[in-house]
Amino acid sequence: MTFYELLVFIHVFSAILGMGPGFVMIYIVTKATTLTELKHAYIIRNQLHIFVMVGGTLLLITGLLMGYLHPYLFEQGWYVISLILYLIALGFGPTVLSPRSKPIKTILKEHNGDKIPAEYFILSKKLFFFERIENVIFLIVIALMILKPF
């Protein structure tokens, strides 16, 4: 196995490790019916986010290393567009998702009782809208990586 083939292996493995859990993070919290369940679902979601961060970081590093080893990749439209879309999706975390998740974390921390407050549903709907956009971006990146259409 060459070093490049090892990078491809790590890259694909990282996609599974990082993106797989990311696609189910919304689903996990939408099934909660009480505040206790919701808090537990967010604990699980936060633990899964570690896999997303590690896998996502390895994806970027291995993808760039493969481009460094084979510079012609930077001339391939699918590679350049995938990289741009991936960086846009990564930027969603601190610029779009984090500001929308902070009020939700406050509700989970401070709300008393076991009924999920109505405010949570309003805030989570906005957060999940942007998470779905991010997921679509990642699906496009995956499609570009598989098909290499141009």
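FYI, the numbering just counts along the sequence from 1. Because the structure is predicted, anything quoted here is derived from the model rather than measured.
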Trainee: To the nearest 0.5 Å, tell me how far Ile104 CD1 sits from Phe128 CZ.
Mentor: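 Between atom CD1 of Ile104 and atom CZ of Phe128 there are 6.0 Å.
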Trainee: Please say whether more than 12 non-hydrogen atoms of neighbouring residues, nucleotides or ligands are located less than 6.0 Å from CZ in Phe51.
Mentor: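 No, CZ of Phe51 has 12 or fewer neighbouring heavy atoms, counting only those of other groups under 6.0 Å.
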Trainee: Phe74 vs Tyr79 aromatic rings, parallel, tilted or perpendicular, using cut-offs 30° and 60°?
Mentor: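 Judged by the thresholds at 30° and 60°, the geometry between Phe74 and Tyr79 is perpendicular.
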Trainee: Measuring only between side-chain heavy atoms, which start at C-beta, is Ile142 closer than 4.5 Å to Met19?
Mentor: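 A side-chain contact exists here, since the closest heavy-atom pair is under 4.5 Å.
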Trainee: Would you mind reporting whether Glu131 and Leu97 have side-chain heavy atoms less than 4.5 Å apart?
Mentor: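 Yes, at least one pair of side-chain atoms sits under 4.5 Å.
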Trainee: Below 30° counts as parallel, above 60° as perpendicular, anything between as tilted: where do the rings of His70 and Tyr72 land?
Mentor: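 Geometry flag for Tyr72 against His70: perpendicular rings.
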Trainee: Going from CZ on Phe138 to CG on Leu59, what distance comes out if it is rounded to the nearest 0.5 angstrom?
Mentor: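 Answer for the CZ-CG pair, Phe138 versus Leu59, is 8.5 Å.
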Trainee: Would you call Ile26 and Arg132 a side-chain contact if the rule is heavy atoms closer than 4.5 Å?
Mentor: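 Of all side-chain heavy-atom pairs linking Arg132 with Ile26, at least one is under 4.5 Å.
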Trainee: Which pair of heavy atoms, one from His11 and one from Gly63, lies closest together, and at what distance?
Mentor: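 Taking His11 first and Gly63 second, the nearest heavy atoms are ND1-N, 3.6 Å.
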Trainee: When rounded to the nearest 0.5 angstrom, what distance separates NE2 in His49 from CE in Met25?
Mentor: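 Reported to 0.5 Å precision, the distance equals 5.5 Å.
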Trainee: Grab the two heavy atoms, one from Leu127 and one from Ser101, that are nearest each other, plus how far apart they are.
Mentor: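 Where Leu127 meets Ser101 most closely, the heavy atoms are CD2-CB, 4.2 Å.
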Trainee: Take atom NZ in Lys102; do more than 12 heavy atoms of anything else shown fall under 6.0 Å from it?
Mentor: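 Not buried by this count: 12 neighbours or fewer within 6.0 Å.
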Trainee: Would you sort out whether Thr106 and Glu110 count as a side-chain contact (heavy atoms from CB on, under 4.5 Å), showing the intermediate values?
Mentor: CA-CA 6 Å; Thr106 301; Glu110 296 176 358; 3.5 Å; yes
Trainee: Which atom names give the shortest non-hydrogen contact between Gly91 and Pro94, and what distance separates them?
Mentor: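 Closest approach of Gly91 to Pro94: O-CD, 3.4 Å.
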Trainee: Check for a donor-acceptor pair, side chain of Glu5 on one end and backbone N or O of Thr2 on the other, with a separation under 3.5 Å.
Mentor: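 A pair under 3.5 Å: yes.
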Trainee: Would you say CZ of Phe23 has more than 12 non-hydrogen atoms from neighbouring residues, nucleotides or ligands within 6.0 angstrom?
Mentor: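 Yes, because the 6.0 Å sphere around CZ of Phe23 holds more than 12 heavy atoms from other groups.
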Trainee: Roughly how far, to the nearest 0.5 Å, is the OH atom of Tyr120 from the CD1 atom of Ile107?
Mentor: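 Here the rounded value is 9.0 Å.
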Trainee: May I ask you to test the Ile16-Phe13 pair for a side-chain heavy-atom distance under 4.5 Å?
Mentor: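 Side-chain contact under 4.5 Å: no.
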Trainee: Could you tell me the separation between the CG atom of Leu85 and the CD1 atom of Ile140, rounded to the nearest 0.5 Å?
Mentor: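 If we round to the nearest 0.5 Å, Leu85:CG and Ile140:CD1 are 6.5 Å apart.
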Trainee: Between the main-chain N or O of Gly56 and the side-chain N or O of Tyr86, is there a donor-acceptor pair closer than 3.5 Å?
Mentor: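 Checking the backbone N and O of Gly56 against the side chain of Tyr86, a donor-acceptor pair under 3.5 Å is found.
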Trainee: State, yes or no, whether a side-chain contact exists between His111 and Leu35 at a heavy-atom distance under 4.5 Å.
Mentor: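 Side-chain contact under 4.5 Å: yes.
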Trainee: Taking all non-hydrogen atoms of both residues into account, name the closest pair between Gly22 and Asn135 and its distance.
Mentor: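 Smallest interatomic distance, heavy atoms only, reads O-OD1, 3.9 Å.
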Trainee: Report the distance from atom CG of Leu73 to atom CG of Leu83, rounding to the nearest 0.5 Å.
Mentor: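 These two atoms lie 10.5 Å from each other.
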Trainee: Might you point out which heavy atoms bring Gly18 and Val52 nearest each other, and give the distance in Å?
Mentor: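 Where Gly18 meets Val52 most closely, the heavy atoms are O-CG2, 3.2 Å.
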Trainee: Do Tyr27 and Leu38 belong to the same hydrophobic cluster, where Ile, Leu, Val, Met, Phe, Trp and Tyr are linked whenever their side-chain heavy atoms lie under 4.5 Å apart, directly or via other members?
Mentor: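 Different hydrophobic clusters.
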Trainee: For Glu37, is the CD atom crowded, meaning more than 12 foreign heavy atoms sit under 6.0 Å from it?
Mentor: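 Yes - once you tally the heavy atoms of other residues, nucleotides and ligands closer than 6.0 Å, there are more than 12.
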Trainee: Side chains of Thr33 and Ile116: closer than 4.5 Å at any heavy-atom pair?
Mentor: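 Thr33 vs Ile116: side chains apart.
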Trainee: Side-chain heavy atoms nearer than 4.5 Å, only ILVMFWY residues, links allowed to pass through others: does that put Ile43 and Leu48 together?
Mentor: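 As far as the 4.5 Å side-chain criterion goes, Leu48 and Ile43 are not connected within one cluster.
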Trainee: Hey, any chance Ile122 and Tyr42 share a hydrophobic cluster, counting ILVMFWY side chains that come within less than 4.5 Å of each other, even indirectly?
Mentor: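 No, Ile122 and Tyr42 fall in different hydrophobic clusters.
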Trainee: Applying side-chain contact (heavy atoms from CB on, under 4.5 Å) to Leu69 and Leu7, what does each step give before you reach the verdict?
Mentor: CA-CA 10 Å; Leu69 292 175; Leu7 286 176; 3.5 Å; yes
Trainee: Could you state whether Phe150 and Val80 fall into the same hydrophobic cluster, counting links through intermediate Ile, Leu, Val, Met, Phe, Trp or Tyr residues with side-chain heavy atoms under 4.5 angstrom apart?
Mentor: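 In one cluster with Phe150: Val80, yes.
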Trainee: So which heavy atom on Ser14 is nearest to which on Gly55, and how close?
Mentor: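 Between these two residues, the closest heavy atoms are CB-O, 3.5 Å.
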Trainee: If we only count heavy atoms from C-beta on, is the Pro149 to Leu144 side-chain gap below 4.5 Å?
Mentor: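 With C-beta onward as the side chain, the pair touches.
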Trainee: Does Tyr4 OH have over 12 foreign heavy atoms under 6.0 Å away?
Mentor: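 Yes, enclosed.
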